[in-house]
K.L.:
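Please see the structure below; I have some questions.
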Amino acid sequence: MTAFITPNYLLALPEIMLAGLACVFLLVGVFTGNRSTVPLTFASVGAMAIALGLVLAMDGARETSFGGMFVTDTFTTFMKCLVLIGAGATLVMGLGYVKREQMSRFEFPILILFATLGMLLMISANDLMALYVGIELQSLSLYIVAAFRRDAVRSTEAGLKYFVLGALSSGLLLYGSSMVYGFTGGTGFDAIAAGIKAYGPGNLPLGVLIGLVFIAAALAFKVSAVPFHMWTPDVYEGAPTPVTAFFSAAPKIAALALLLRVLLGPFGELASSWNQIILFISIASMAFAAFAAIGQRNIKRLLAYSSIGHVGYALVGLATATPEGVRGVLIYMALYMVMTVGTFGAVLAMRQKGQMVEEIADLAGLSKTNPAIAAVLGIFMFSMAGIPPFAGFFGKLYVFMAAVNSGLYGLAIAGVLSSAVGAYYYLRIVKLMYFDEPTEAFDRPVGREVMAVLVLSGIITALFFAYPAPILSGAQAAAAALFP
Amino acid sequence: MGLAIAAVFLPLIGAAIAGLFGRVLGQRVAPLVTVAAMGTSAALGIITFIDVTFGGNPGKAFLFDWISSGTFQAAWAFRIDELTGVMMFVVTVVSFLVHVYSLGYMAHDEHKPRFFAYLSLFTFFMLALITADNLLQLYFGWEGVGLASYLLIGFWYKRPSANAAAIKAFVVNRVGDFGFGLGILAIYLSFGSIEYDVIFAKAPELAGQTFHFLSGEFDILEVSCILLFIGAMGKSAQFLLHTWLPDAMEGPTPVSALIHAATMVTAGVFMVARCSPLFEYAPTALSVVTFFGATTAIFAATIALTQNDIKRVIAYSTCSQLGYMFFACGVSAYQAGIFHLTTHAFFKALLFLGAGSVIHAMSNEQDMRRMGGIWKLIPLTYILMWIGNLALAGVPFFSGFFSKDIILESAFAAHTGLGEYAFWLGIIAAALTAFYSWRLLIMTFHGKPRADHHTMEHVHESPWVMTVPLIVLAIGAIVTGYLLLPMVGEHGGVFGASILVLEHHNALEAAHHSPFWVKALPTIMAVLGIGAAYFLYMARPDLPAKLAKALRPLYLFSFNKWYFDELYDFLFVRPAKYLGVGLWKRGDGGLIDGVGPDGIAGAAWTIAQRAVRLQTGYLYHYAFAMLVGVAAIVTWYLFASSP
């Protein structure tokens, strides 16, 4: 008979606070209607900021609560910060779009808030159940925001596709979880780890491995890694642009955090087995994204492939299963978040005569019509292509260095080669902006929020090399937490 | 000594000022700057000549160390001895006169500063070449002359033919220069130095010794000297490497005069004379020099017989006269070679500049078939051309008579097989020389006017700035032979220690005692040649065409320059071009670009298209891909993890 232990609610204070505030906002919205969209958006951003403050304040050694289902450590702190910053930035950035494009319904910020809450839970999950609950809270909110423009066919199609495939991945996840539970006798990460250890080397039943494959596949779906990526281009293109920006920034980070946690925590003993999956997924993602992106004409679709590729590069670090590699992943994701938010800021600025345009060709001659945005977007493109001295170069440097130090030369070479191919489509945008004749100027003003995010992320991307210490040391500490 | 060094560098300063600040100084001032510098240089050159060569006052000046690497030492040092003195006199004076003449000839050109800068630069390199105290410095001047000739021949760079000629001159010279470079390397290898004093002093001990190369033993001096001579063949347009010289006519006429009289082509003769202490111990090399010299003398003369371009006739005559100079060197009569070089410089510059004056008068017409009947219109030029041709043909008491006679006598007096060969070929070439010279005179000035009415109306004497240098050169063409006769005097003439002739090689000494018929024969041949030309072109103008018809194969052989251009085109140019085009189109374009950048880019594009096509938009395809992925990974584990 286990005594009922009062859980340490304090540990989950940011999540509890967000959940409470989200409910309050919902009530406010219901009573005041759509005119409260803008205040609620700012309120949601404020809630995220408070959560960010709490997360940072509670930074410390590993602690668990709720019967071991919920964990906090330096790793969760780092990832939660990224998610909250990414979510807040994209929410602010999308405000103008929401107001203009008849999307101004109060549910939008609240759904984003719930999705963010789901992500925080995912990051802190220390049990397959908690993991599933977090994922579903996040996913259900995302399905809705993807289809938020109910009157637009593409948006609803995107939402529906995402939902069906997401349900499939949830099925995979649950099936894998049940296999793992069946063979190890636990759902908690610690229990699973102990169960696997109890089998001893060489006697591991195949069921555990099959469960691991299913779980890994479901999580790979969430990070949109090849071959579980196919929803990404369609959903990115179909969803409203602020939603796409949000998709590419926050959920991806949360899912990757989960992938790291699950593979290194409960399945840490099996690193030599799962790193082959990761190796394959990583190479496939990098290479496929690099080639597929070349053929794109829509900027959002292009960025979808770009995000697939970036996940591939990040997974290079995970494939090494070393602290150095994980540190590389974390640095990569932090810099990726900054770059991708900034890039979507530029995409949000792509308006001609009040209409959003999304074709890459519309960027032609941007350097002449809007030199500031062209310059910032140019920085992001160079950075994503991995050209020094921009941030993206260092992201790649750390993961490739980790791969080389672990003897994964083939992986590093594949990564370098596909980043060479990938440089083509990034640099093509620079070429379009700087060397082609302008078509039509973008509308002005671009919007204060977008401009602020653009400038800030541009500065971080361009000047990361000058002061990399905060991100490096944060990632170092976070990575250490996964290797007790 | 300081004066001589100033004479070397003044043209460089003039070239730098005109070349770099030509735009600032303007079309009028920039040329005058170079002319002033060149004039001063010429005055200093004459002083040096009198002081050093006739005063017997050689000297050396050390400027600074240039390269010092291990045992290899090269300094910037000047060697102003009797031989250099003669050359300085020739180069600076002729170059100065050409500069002055160019003021008039190039008056209407838009790029005068550039032209004069090149001219002065050309002169500077030639002066650097003749004042060098080691082989590397000589090589510096040697290559610099090649560069400047390239720039000047291609001066009218908008003409494709000028560009082609410039490239031809450069490439053919490179062939010779390669041999020359190897020669210098061979000398450094065997002597351990490239300084004249060291290698000349060491030559006697190395005579007959061999060095090991690949799997053979080679005589050090013979090989080195032959390699050096290959360089001289290129620079002095000797048989086999002569093809660039006639094409060099594409440059402005003053350039031709400079190349043919003072700079560039005389470099080879000078070099052989300068290296006489080496050549003297290399009898085979001397034979080679004699053979090529004699062959060139007759070969070029036969071609000159049938050419119609006035400048081309004179160009081949240069080629032929250089042959004389070389076989003089070949029979160890270096002094005679240099003597002929000096007299030739004057009358050849005179002929070229005179031809330029004719061309100027005929509105840029160079074909002698469209000239004729103008001697009354431009009497001064006519008289000057007469003087030049008299000197060239070796008519008594003109300068060419003295120098050509002493060469032929030396060849005879050498009493060797090749000496005889050179002598008889030289005698025949002398007749041919006289013949084509008068053919030129008569076709150009006499007979009925064959130019069109319009051109004839514009025939006019050149301005004084062009005629005065011509008059000076004409005086030189008349008097240098007699005045400079001491150059070939007893006991090595005025050259002192600067030219070494071994006792048993002393053809020049013996030449003074050759039989009378040997002395008279060149003159008789010259008179015969002139007579034949008069008969054929003046008395019976219908005969040359009939003769050409009757001896058609011979005529075509000569007219087409022994088919050397065609032969080289077939042997070298086309294979090189095929190789180049092949490497370019197939090697670089096909293989490297095709498989490399283009191939990879093309493949990337194809893959991209296929990758895009995978994205069908159908939900069940997506779900299928996911499940296949899971199934594939699970399958892989089933097989990989089973023991």
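Naming convention: chains lettered A, B, ... in sequence-line order (proteins, then strands); numbering from 1 in each chain. Side-chain atoms are counted along with the backbone in the values below, which use heavy atoms only and exclude waters and symmetry mates.
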K.L.:
When rounded to the nearest 0.5 angstrom, what distance separates CG in B:Leu619 from CG in A:Leu160?
P.N.:
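The distance works out to 7.0 Å.
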K.L.:
Take a 6.0 Å sphere around CZ of A:Phe163 and say whether it holds more than 12 heavy atoms from other residues, nucleotides or ligands.
P.N.:
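Incorrect, the count does not exceed 12.
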K.L.:
Take a 6.0 Å sphere around OH of B:Tyr578 and say whether it holds more than 12 heavy atoms from other residues, nucleotides or ligands.
P.N.:
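Atom OH in B:Tyr578 is not packed in, count stays at 12 or less.
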K.L.:
Which residues, numbered in order, of residues 281-292 of chain A come under 4.5 angstrom of chain B by heavy-atom distance?
P.N.:
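Counting heavy atoms that sit under 4.5 Å from chain B, the residues of residues 281-292 of chain A involved are A:Phe288, A:Phe291, A:Ala292.
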K.L.:
Could you please state which residues from residues 222-232 of chain A sit under 4.5 angstrom from chain B, measuring non-hydrogen atom to non-hydrogen atom, sorted by number, or 'none'?
P.N.:
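Against chain B, the residues of residues 222-232 of chain A that fall inside the cut-off (heavy atoms, under 4.5 Å) are A:Pro227, A:Phe228, A:His229, A:Met230, A:Trp231.
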K.L.:
Just wondering, are more than 12 heavy atoms of other shown residues or ligands nearer than 6.0 Å to CZ in B:Arg174?
P.N.:
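Correct, the count exceeds 12.
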K.L.:
Would you sort out whether A:Ile277 and B:Trp636 count as a side chain to side chain contact (heavy atoms under 4.5 Å, CB included), showing the intermediate values?
P.N.:
CA-CA 10 Å; A:Ile277 311 179; B:Trp636 191 74; over 6 Å; no
K.L.:
Answer yes or no: does atom CZ of B:Phe170 have more than 12 heavy-atom neighbours from other residues, nucleotides or ligands under 6.0 Å?
P.N.:
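Yes, the 6.0 Å shell around CZ holds more than 12 heavy atoms from other groups.
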K.L.:
Which of residues 165-177 of chain A have a heavy atom under 4.5 Å from any heavy atom of chain B?
P.N.:
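At a heavy-atom separation under 4.5 Å, chain B is reached by A:Leu165, A:Leu168, A:Ser169, A:Leu172.
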K.L.:
Does some side-chain heavy atom of B:Tyr637 sit less than 4.5 Å from a side-chain heavy atom of A:Ile210?
P.N.:
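Not in contact.
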K.L.:
Could you list the donor-acceptor pairs under 3.5 angstrom formed by side chains in residues 583-592 of chain B, with sequence neighbours left out?
P.N.:
none

K.L.:
Taking every non-hydrogen pair under 4.5 Å, which of A:Ala220, A:Ala217, A:Ser273 racks up the most with chain B?
P.N.:
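Among the listed options, the one with the most contacts to chain B is A:Ser273.
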K.L.:
Sort B:Leu627 into side chain, backbone, both or neither according to what part of it lies under 4.5 angstrom from a heavy atom of chain A.
P.N.:
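The answer is the side chain of B:Leu627.
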K.L.:
For the CZ atom on B:Phe213, are there more than 12 heavy atoms of other groups (residues, nucleotides or ligands in this structure) within a distance under 6.0 Å?
P.N.:
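It does not: B:Phe213 CZ has 12 such atoms or fewer within range.
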K.L.:
Kindly indicate whether the side chain of A:Ile294, heavy atoms from C-beta on, has any atom under 4.5 Å from the side chain of B:Gln609.
P.N.:
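The answer is no, as the side chains (C-beta and beyond) never meet within the 4.5 Å cut-off.
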K.L.:
Hey, does B:Tyr618 have a side-chain heavy atom less than 4.5 Å from the side chain of A:Lys161?
P.N.:
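The answer is no; the side chains never approach within 4.5 Å.
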